[in-house]
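These notes concern the structure reproduced below.
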Protein chains: 2
Amino acid sequence: MTIKGKPTSLDIAHRAGVSQPTVSRALRGHPSVNPETRDRILAIARELNYKVDKNASNLRRQQSGTLALLLFEDPTTDQSHINPFFLPMLGSITRACARHGQDLLISFQQLSDDWHADYGDSHKADGLILLGYGDYLAYQGKLRTLVEQGTQFVRWGAVLPDQPGISIGCDNANGGALVGEHLAGIGCRRIAFLGDASSRYPEFLDRYRGCEAALSAHGLAMDPRLQVDAESAEGSGHAAATELLRRGHPFDAVFAASDLIAIGAMQAFSAAGLRIPDDVAVVGFDDIPAARMTTPALTTVVQDTLTAGELLVDTLMHLVHGEPAESLRLPTTLVVRDSTAKARAG
Amino acid sequence: MTIKGKPTSLDIAHRAGVSQPTVSRALRGHPSVNPETRDRILAIARELNYKVDKNASNLRRQQSGTLALLLFEDPTTDQSHINPFFLPMLGSITRACARHGQDLLISFQQLSDDWHADYGDSHKADGLILLGYGDYLAYQGKLRTLVEQGTQFVRWGAVLPDQPGISIGCDNANGGALVGEHLAGIGCRRIAFLGDASSRYPEFLDRYRGCEAALSAHGLAMDPRLQVDAESAEGSGHAAATELLRRGHPFDAVFAASDLIAIGAMQAFSAAGLRIPDDVAVVGFDDIPAARMTTPALTTVVQDTLTAGELLVDTLMHLVHGEPAESLRLPTTLVVRDSTAKARAG
DNA sequence: CTGAAAGCGCTTACAG
DNA sequence: CTGAAAGCGCTTACAG
């Protein structure tokens, strides 16, 4: 009996009176092992609290049994301000990994870091899940490198034509359309957009265009003078709203590209003496927990983060196993709260 | 030249015209390697984009270079409602791990799961970080098992005498005292406590006792009839506040054991027609982002989650390296907002 | 300063 | 159904 250290398959083999490979087979449920032998081995393994050494197993099998989650932090915020939107997704990703028998490595990264060549090459992970906002143009090049290296990955974000790799995202255009419909329906006519609606932020751009399309069905249009760039952060939303006010063009509603932007904007509007929703209706995107807490509570677009997490992992596992997989858009829904509770005029 | 597959140290050795062990030494910066040889090897490694195979390295060195973070979910909430309090801590933990050259495995667990015997034994992680609330009495037994197994771990939570293992926590008693001081100072006399102030929730108990001690210095006392059990969740806070109102004993302030409890309670009070802070002052604990968003904004106790994350990792690394380490309490501060903005009467 | 040798604990053909 | 053998890619004494 080995006194010190973890038991190995050889320890079990000695006790069971079989060879070490037989122990390995029994433990992995190989069908060729005699049922009685197998039961004896399993009993001993349980008794010794034996666990297969992952490093040895992975080395031999040339795989890791591990996925890596890379969460990109907004480089503009110095503190660790991960968008709370990702928290439930994180939960469903970890659960999905457990279901697939995969371990999950996690790492917070700056988009500028040299993250793209690390996990795959060192055999630490079989596949990558990429989460987080950031300038897509900067992102894209690294995604291409990943594809060239043969690294398996899935990304949360906009589903775009000709994009490198596979991504899962919500149907941003439809989400934007829901917002446009709603705002037009309550009689809003001049709708401002707070968010960088360019190809640097394809998700925001899709939301913008979706809203635009819905408005045009009502004979309305987005006014470029009412669009102010913003990244997904409260401070950025506050600044954008302030800029919008400074411009002096009239508006009766604001579609913020994310809840964090909306929250910052609401603070700026309140400070400026504007009443929400009477002077300006406000809509966000994401339905983070704080959206319920604001005064008034924020109307916003809900993304199914729980399904999203599962889908990210399921899709990545397909890729890892060499099976076909494709990008996917998840449906969105609008949740109407008091920030757009105007008397219906349209 | 190997066409397919990742390059190995042997590939580099061939190209550099040295033996494979020399490559290994050069890569790890072993001082005995000739500087010119080393530079040549490093250049080739970079060129081939070589990364040490973690599985092989870990197997040989009998360690993993990995820490595991176990986040306990509240079993009472069916969804993935991780307390947002832990998000910034998660960020600082991942950064601290990166600084120590450790990978971080993450897993969301039920306290009831059989988590305690998995990571160490399978060599997946050298040490464990345990986060999350839960019934300490149930927890304690598993911690003891961990200690018996020789598993290295640190826990975020109350620092208790005779506890199994090491924990890092905030100074809950002092945090409670700050609340007691403040409430007494603004003239509150009957202070309710929402939270399970028992040895099942030692953090809450410490907060309760700290508040009690501060009050007694003002000739005041906590009234057991004004204490209602609650776990750290909005729904639980709402229910506790409702129960408090049902009891019918007068109170002029509520100390909620966490912000989530406070937020739920505020909703219940507002629904019941109570004005905050005029009819009842409310204080929380944690300073989650939503605490700023409530109306009125919530006075609460700030824990230094960023330092906490670093300390958890630093302490665990000491343990992993066989160095001495000890439990630690971090200072707390009170941030006063409008939920206690009464005209000063005391 | 460098190389030959051993071995970490598994898994997987290959025989029998 | 089972065992002997090889080998995954490293690191680390041990010689020289």
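Reminder, nothing fancy here: chain letters follow the sequence lines and each chain counts from 1. Computation of the quantities below employed the complete heavy-atom set of this structure, encompassing side-chain atoms and omitting hydrogens, waters and symmetry-equivalent molecules.
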- Measure across B:L67 and B:A125 and return the closest heavy-atom pair with its distance rounded to 0.1 Å. C-CB, 4.0 Å

Tabulate below the donor-acceptor pairs under 3.5 Å that side-chain atoms of residues 152-159 of chain B make, not counting sequence neighbours, or state none.
residue : atom : partner : partner atom : Å
B:R155  : NH2  : B:A158  : O            : 3.1
B:R155  : NH2  : B:Q163  : OE1          : 3.4

- Query: Which residues in residues 27-43 of chain B have at least one heavy atom lying under 4.0 Å from any atom of DNA chain D?
  - Reply: B:R28

- Query: Within this structure, what is the NZ-to-C1' distance between B:K124 and C:dC10, rounded to whole angstrom?
  - Reply: 15 Å

- Tell me the side chain to side chain donor-acceptor pair (under 3.5 Å) pairs involving residues 304-317 of chain B, sequence neighbours left out? B:H100-B:D314, B:D304-B:T307

- Item | Side chains of A:E36 and A:R40 in contact at under 4.5 Å (non-hydrogen atoms) | no

- Task: Quickly, which of A:L90, A:L104, A:I93 forms a side chain to side chain contact (heavy atoms under 4.5 Å, CB included) with B:F108? Name it, please.
- Result: A:L90

- Message: Would you say CD of B:E323 has more than 12 non-hydrogen atoms from neighbouring residues, nucleotides or ligands within 6.0 angstrom?
- Response: yes

- Task: Could you walk me through whether A:I44 and A:Y50 pass the side-chain contact (heavy atoms from CB on, under 4.5 Å) test, one step at a time?
- Result: CA-CA 8 Å; A:I44 296 173; A:Y50 169 81; over 6 Å; no

- Message: With a 4.0 Å cutoff (strictly under), does any side-chain N or O of A:T22 reach OP1 or OP2 of D:dG3?
- Response: yes

Can you pull every protein N or O that's under 3.5 Å from an N or O on nucleotides 14-16 of chain D?
none

- Item | Note, B:R15 side chain near B:I12 side chain (heavy atom, < 4.5 Å) | no

- Can you give the dot-bracket line for DNA chain D, where a pair is Watson-Crick or G-U wobble with both atom distances under 3.5 Å, crossing pairs use [ ], and | marks a partner on another strand? |||.||||||||.|||

- Quick one: do A:S64 and A:D126 satisfy side chain to side chain donor-acceptor pair (under 3.5 Å)? Show the steps, please. CA-CA 6 Å; A:S64 69; A:D126 299 327; 2.9 Å; yes

- Do the non-hydrogen side-chain atoms of B:L105 and B:L69 ever get within less than 4.5 Å of each other? no

- Message: Within the 4.5 Å heavy-atom criterion, are A:N55 and A:L59 side-chain neighbours or not?
- Response: no

Distances for protein N/O vs nucleotides 5-9 of chain C N/O pairs under 3.5 angstrom?
residue : atom : partner : partner atom : Å
C:dC8   : O3'  : B:Q62   : NE2          : 3.4
C:dC8   : O2   : B:R60   : N            : 3.4
C:dG9   : OP1  : B:Q62   : NE2          : 3.2
C:dG9   : N2   : A:A56   : O            : 3.3

- Query: Per the side chain to side chain contact (heavy atoms under 4.5 Å, CB included) rule, which among A:I166, A:L311, A:I129, A:L128 passes with A:L316?
  - Reply: A:I129

- Test item: B:T8 and B:D53 side chains (from C-beta on) under 4.5 Å apart, heavy atoms: no

